[in-house]
Amino acid sequence: QPKDDAMWLACFASREAIRRATNVIRAAAFLTQRHESLRLRVIGTAATDPDLKVLASALGIGRRVEWITNMVVPSEALHDVDAGWVVGDYDDAGLGVLHLMASGIAVLAERTTVAARYVSHGIHGMLLANLDPAVMAAETTVLLAERERRTAMGAAGRARVEREFP
């Protein structure tokens, strides 16, 4: 799908992190109140969860969400994304972070050991102490409003991946 005036958020989420993925859906619902063009792309095994899809519909954003369960080439799913959430643990979280960073996309994640290993807060993205949907929405709003900062974070992430994970 070609880039239009829509703002896209990606969310890498595994089924093991489904509770945290619901917080991303709730945060996206908050965000759509201020950003009518906002869209969300859920990527990973959480995208197969029917309850997550029902939640998105119940919150009125079901038609704004794309569900990508099989990602052969991650860059295709990220080509028009403005910022990306990662909710997951272990390898799923690390790979999600690295996919976003390699694509030059600012990362939003819970401050976990895995996320902190790759993302320096304020440099490659933002790490939050917890995933409260209202706080997530507020932090995401700030990042979406500051295009230059978001672009700089994405570039720093891409440079780090190219330098440290060639």
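Index from 1, following the sequence.
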Separation between [atom1] of [X] and [atom2] of [Y], rounded to the nearest 0.5 Å:
| X | Y | atom1 | atom2 | result |
| --- | --- | --- | --- | --- |
| Ile18 | Asn23 | CD1 | CG | 11.0 Å |
| Thr141 | His35 | OG1 | NE2 | 4.0 Å |
| Ile105 | Asp80 | CD1 | CG | 8.5 Å |
| Ile25 | Leu40 | CD1 | CG | 5.0 Å |
| Tyr90 | Glu16 | OH | CD | 10.0 Å |
| Thr151 | Glu146 | OG1 | CD | 11.0 Å |

Heavy-atom count around [X] [atom1] within 6.0 Å, excluding the residue itself: above 12?
| X | atom1 | answer |
| --- | --- | --- |
| Asp91 | CG | no |
| Arg111 | CZ | yes |
| Arg19 | CZ | no |

> Do the side chain of Arg41 and the main chain of Ala77 share a donor and acceptor less than 3.5 angstrom apart?
Replying inline: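 Between the backbone of Ala77 and the side chain of Arg41 there is a qualifying donor-acceptor contact (under 3.5 Å).
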>> Looking at Glu36, is its backbone amide N or carbonyl O close enough to the side chain of Arg64 to form a donor-acceptor pair, meaning the two atoms are under 3.5 Å apart?
In response: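 Side chain of Arg64 to backbone of Glu36, a donor-acceptor pair under 3.5 Å: yes, one is there.
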[X] versus [Y], closest heavy-atom pair with distance:
| X | Y | answer |
| --- | --- | --- |
| Ser14 | Thr45 | CA-OG1, 3.2 Å |
| Val81 | Ala83 | CG1-O, 3.1 Å |
| Ala27 | Pro133 | CB-O, 3.5 Å |
| Ala93 | Val86 | O-CG1, 3.6 Å |
| Ala10 | Ile43 | CB-CD1, 4.1 Å |
| Gly125 | Val119 | N-CG1, 3.9 Å |

>> Checking Leu95 against Phe12 for the side-chain contact (heavy atoms from CB on, under 4.5 Å) test, could you report, in this order, the C-alpha distance in whole Å, the side-chain angles of both residues, the deciding distance, and whether it holds?
In response: CA-CA 9 Å; Leu95 290 172; Phe12 279 90; over 6 Å; no
Note, [X] side chain near [Y] side chain (heavy atom, < 4.5 Å):
| X | Y | result |
| --- | --- | --- |
| Glu66 | Trp8 | yes |
| Leu143 | Met153 | yes |
| Arg149 | Val142 | yes |
| Val24 | Leu9 | no |
| Thr22 | Leu52 | yes |
| Tyr118 | Val107 | no |

> Given the rule in the salt bridge (Lys or Arg N to Asp or Glu O under 4.0 Å) test, do Arg15 and Asp92 qualify, once you have shown the distances and angles that lead to the verdict?
Replying inline: CA-CA 10 Å; Arg15 285 189 61 79; Asp92 289 333; over 6 Å; no
>> Working note: Leu144 + Leu38, criterion side-chain contact (heavy atoms from CB on, under 4.5 Å); need CA distance, chi angles, decisive distance, verdict.
In response: CA-CA 10 Å; Leu144 291 176; Leu38 185 80; 4.0 Å; yes
> Linking I/L/V/M/F/W/Y whenever any side-chain heavy atoms sit under 4.5 Å apart, do Met7 and Val65 land together?
Replying inline: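 Hydrophobic grouping puts Met7 with Val65.
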> Is there a chain of hydrophobic side chains (I, L, V, M, F, W, Y, each step under 4.5 Å between heavy atoms) that links Met126 to Val135?
Replying inline: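 Yes.
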> Should Met136 and Leu108 be marked as a side-chain contact (heavy atoms from CB on, under 4.5 Å) after you check the CA-CA gap, both sets of side-chain angles, and the distance that decides it?
Replying inline: CA-CA 9 Å; Met136 294 169 69; Leu108 296 147; over 6 Å; no
> What do the steps show when you test Val87 against Glu110 for side-chain contact (heavy atoms from CB on, under 4.5 Å), and what is the final call?
Replying inline: CA-CA 7 Å; Val87 292; Glu110 184 176 20; over 6 Å; no
